[in-house]
Trainee: 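The structure is given below, and queries will be raised subsequently.
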Amino acid sequence: MRPCVLSSIRKNSMQASRFLLLILTACAPSAHLRAPVSYADAAGSRASEDDIANPESIDDYLAVAAQNDPALRAAHARWQAAHSRAEASTPWPRPVINYAVFLRPVETRVGPQRQRVGLRVPIAWGGPRRAQRDAAAWMASGAGRVFTARLLDLRANLASLYWSLWHLDRDIEDAAREEELVEGLEEASRIRLEANMGSMSQLQQFGLRRALAQDRKHTLEAERQRVRARFAAQLDWPLDREIRIQPEPPRVSALPDRDQLLAQAARHPLLSAREDRARSHEARARSYSASRLPGLSLSVDFIDVAPARSADVAGSGNNALSAGLSISVPVDGHVFRRRADAERSEALAERADAEGLIRGQRADIDSLLTTLSDAERRITLYGGTLLPQAEGAFESTLARYTSAGNLGEVFVALDTLFEVRHRVHHTLAAYALARSELERVTGVALDVESQVEVESQVEVETQAQVEVETQASQSAERGEP
């Protein structure tokens, strides 16, 4: 086109361009999605770099596992993908520019028409765009909540492995103590046999008992290796890297009441994700319903007209400018109606699934509260009552053995002592596991307020046992009863 033609186009289409710009500005989105945080921030914790390099607590190991967990990374990637889709959920309708050249110019009174330039812009209605944007935004929000739920599951899995290792460590220590104790008794029995105060059968019984204690210790060590392998795989660590478990027992603290736990569980990320997806389906249904309405398009056409062939023609060479309105007829409205019905059904399904989760949560909370209450009772019973009694009974039985030599009473007292010790450790570990599971079910961390000091009671009898063994050996050496 000649420069004069371009100048004429700009001059005649200025008002139409301003009008179209006003329409596009009015249809612009009024809200923007907040981008998800980075994976390092989303999966990070309050653990310091030294804690991550040398983890010991559950939170330290969670910081390590969160950096290397593939499922957690996948959940975060899906969150980012959903956010990107939400940002691109409402693209602008593409304007169409037409250009045509009249190969056979149309003769008019003011001159022949030589070429035509047209612009067609579909009108983007605000209602459907908002519905589409809301649907994508709710879906992105649900993806973020799924990521949070995965983080809770990861912590519960780590807590289960952590307290299983803690329990095995305590049982291995008990097996080693039992072996050491029986070995001392075996030596004392040998001295008694040399002093004609014992029998060969008693010495053989102690040897058999020591072999059984060794076998139990090796079995527990093998089980610890299996649990440790699963823990190392969760952390993405090599098998030869040390996994340190703090020897302190789990803390026992007061729990919120049932109503508070149910209220917290109602805000669980998985339930919130279900509700977000339900709202996304409802927004998409509104979008499909709005798609059944007619569509509008605005058009502007500029026609370049050459000067008339005849002289003295009024308006010779005046260019033409036209504006038009197009309406698209929704002949396929029934299709969008069916799609809207399908989305509403999906929303009902999401809320039905959420109701099923709520019922399952209620059952889990009731079951876990019963487990924790019974564990607290058993911790108090075993640690505060039965363990001191078992220690005293074993000490008195061991003292009588040096004079009367009743082997059956010694074995009964020994079995009772280590059975009570095992139950103390087992109950503490069961309490910690149930508490971690309750945190996963409710979706919140439970505050720690107090600690029951039972592990110190478990350690009390060690020194007393050594003293009794020493006294028994010295008495046998002197030939005294």
Trainee: Does this structure show an ion pair linking R440 with E437, if we count only N-O contacts that are shorter than 4.0 Å?
Mentor: yes
Trainee: Please name the pair of heavy atoms, one in S287 and one in Q132, separated by the smallest distance, quoted to 0.1 Å.
Mentor: OG-CG, 3.1 Å
Trainee: Just say parallel, tilted or perpendicular for the rings of H425 and W166, cut-offs at 30° and 60°.
Mentor: perpendicular
Trainee: Which value, rounded to the nearest 0.5 Å, describes the distance between T148 atom OG1 and L270 atom CG?
Mentor: 9.5 Å
Trainee: Ring-plane angle category for W79 and H76, please: parallel below 30°, perpendicular beyond 60°, tilted otherwise.
Mentor: perpendicular
Trainee: Once ring pair (Phe, Tyr, Trp, His ring centres under 6.0 Å) is applied, do any residues pair with F231, and if so which ones, sequence neighbours excluded?
Mentor: Y61
Trainee: CZ of R244 to CD of E56: how many Å apart, nearest 0.5 Å?
Mentor: 4.5 Å
Trainee: Taking only residues two or more places apart in sequence, or in another chain, which ones meet Y431 in a side chain to side chain donor-acceptor pair (under 3.5 Å)?
Mentor: R435
Trainee: Under 3.5 Å, is there a donor-acceptor pair between the D171 and H422 side chains?
Mentor: yes
Trainee: Determine whether R120 and S297 satisfy the following criterion, side-chain hydrogen bond (donor to acceptor under 3.5 Å, both in side chains), listing intermediate values before the conclusion.
Mentor: CA-CA 7 Å; R120 181 176 176 273; S297 299; 3.2 Å; yes
Trainee: Tell me, which pairs form a salt bridge (Lys or Arg N to Asp or Glu O under 4.0 Å) where one or both residues lie in residues 252-272, sequence neighbours left out?
Mentor: R258-D366
Trainee: Under a 3.5 Å distance rule, please check whether N68 uses its side chain to pair with a backbone N or O of L235 as donor and acceptor.
Mentor: yes
Trainee: Is the backbone of Q67 close enough, under 3.5 Å, to the side chain of R73 for a donor and an acceptor to pair up by distance?
Mentor: yes
Trainee: With rounding to the nearest 0.5 angstrom, report the CG to CD distance, D169 to Q246.
Mentor: 12.0 Å
Trainee: Can you tell whether the side chains of R279 and D276 come within less than 4.0 Å, N to carboxylate O?
Mentor: no
Trainee: Rounded to the nearest 0.5 Å, how far does CG of L372 lie from CD1 of I379?
Mentor: 9.0 Å
Trainee: Quick check against the 3.5 Å criterion: does S164 have a side-chain atom that pairs as donor or acceptor with the backbone of S160?
Mentor: yes
Trainee: Please find the pair of heavy atoms, one from A82 and one from A143, that lie closest to each other, and give the distance.
Mentor: CB-CB, 4.0 Å
Trainee: Are any of the side-chain nitrogens in R155 or D59 under 4.0 Å away from the carboxylate oxygens of its partner?
Mentor: yes
Trainee: Answer yes when R210 and E179 have at least one side-chain N-carboxylate O distance shorter than 4.0 Å, and no when they do not.
Mentor: no
Trainee: Thinking salt bridges, do E180 and R177 make one under a 4.0 Å N-O criterion?
Mentor: no
Trainee: State, to 0.1 Å, how close A340 and S289 come at their nearest heavy-atom pair, and which atoms those are.
Mentor: CB-OG, 3.7 Å
Trainee: Keeping the roles fixed (side chain from R133, backbone from P128), state whether a donor-acceptor pair exists under 3.5 Å.
Mentor: no
Trainee: Does the distance from a Lys or Arg side-chain N to an Asp or Glu carboxylate O, for R116 and D304, drop under 4.0 Å?
Mentor: no
Trainee: Any Lys/Arg nitrogen of R423 or E419 sitting under 4.0 Å from an Asp/Glu carboxylate oxygen of the other?
Mentor: yes
Trainee: More than 12 heavy atoms of other residues, nucleotides or ligands under 6.0 Å from CZ of R78: yes or no?
Mentor: no
Trainee: Is E282 paired with R344 through a side-chain N to carboxylate O contact shorter than 4.0 Å?
Mentor: no
Trainee: Under a 4.0 Å N-O cut-off, is there an ion pair linking E343 with R284?
Mentor: yes
Trainee: Sort out for me which residue in L428, L433, L168, I245 forms a side-chain contact (heavy atoms from CB on, under 4.5 Å) with W163.
Mentor: L433
Trainee: Any donor-acceptor pair under 3.5 Å linking the side chain of S367 with the backbone of D364?
Mentor: no
Trainee: Does any N or O in the side chain of D69 come within less than 3.5 Å of the main-chain N or O of L72, such that one atom is a donor and the other an acceptor?
Mentor: yes
Trainee: Shortest non-hydrogen contact from G443 to L152?
Mentor: CA-CD1, 3.5 Å
Trainee: Compare every heavy atom of A375 with every heavy atom of T427, then report the nearest pair and how far apart it is.
Mentor: CG2-O, 3.4 Å
Trainee: Using modelled atom types only, decide if a donor and an acceptor are shared between the side chain of S345 and the backbone of D341 within a distance under 3.5 Å.
Mentor: yes
Trainee: What distance separates D353 CG from E275 CD, expressed to the nearest 0.5 Å?
Mentor: 12.5 Å
Trainee: Is the number of heavy atoms from other residues, nucleotides or ligands under 6.0 Å of L325 CG greater than 12?
Mentor: yes
Trainee: Which atom pair, heavy atoms only, marks the closest approach of V64 to P55?
Mentor: CG2-CG, 4.2 Å
Trainee: From L165 CG over to R230 CZ, what is the distance, rounded to the nearest 0.5 angstrom?
Mentor: 8.5 Å
Trainee: Going by an N to O cut-off under 4.0 Å, is there a salt bridge joining E178 and R209?
Mentor: yes
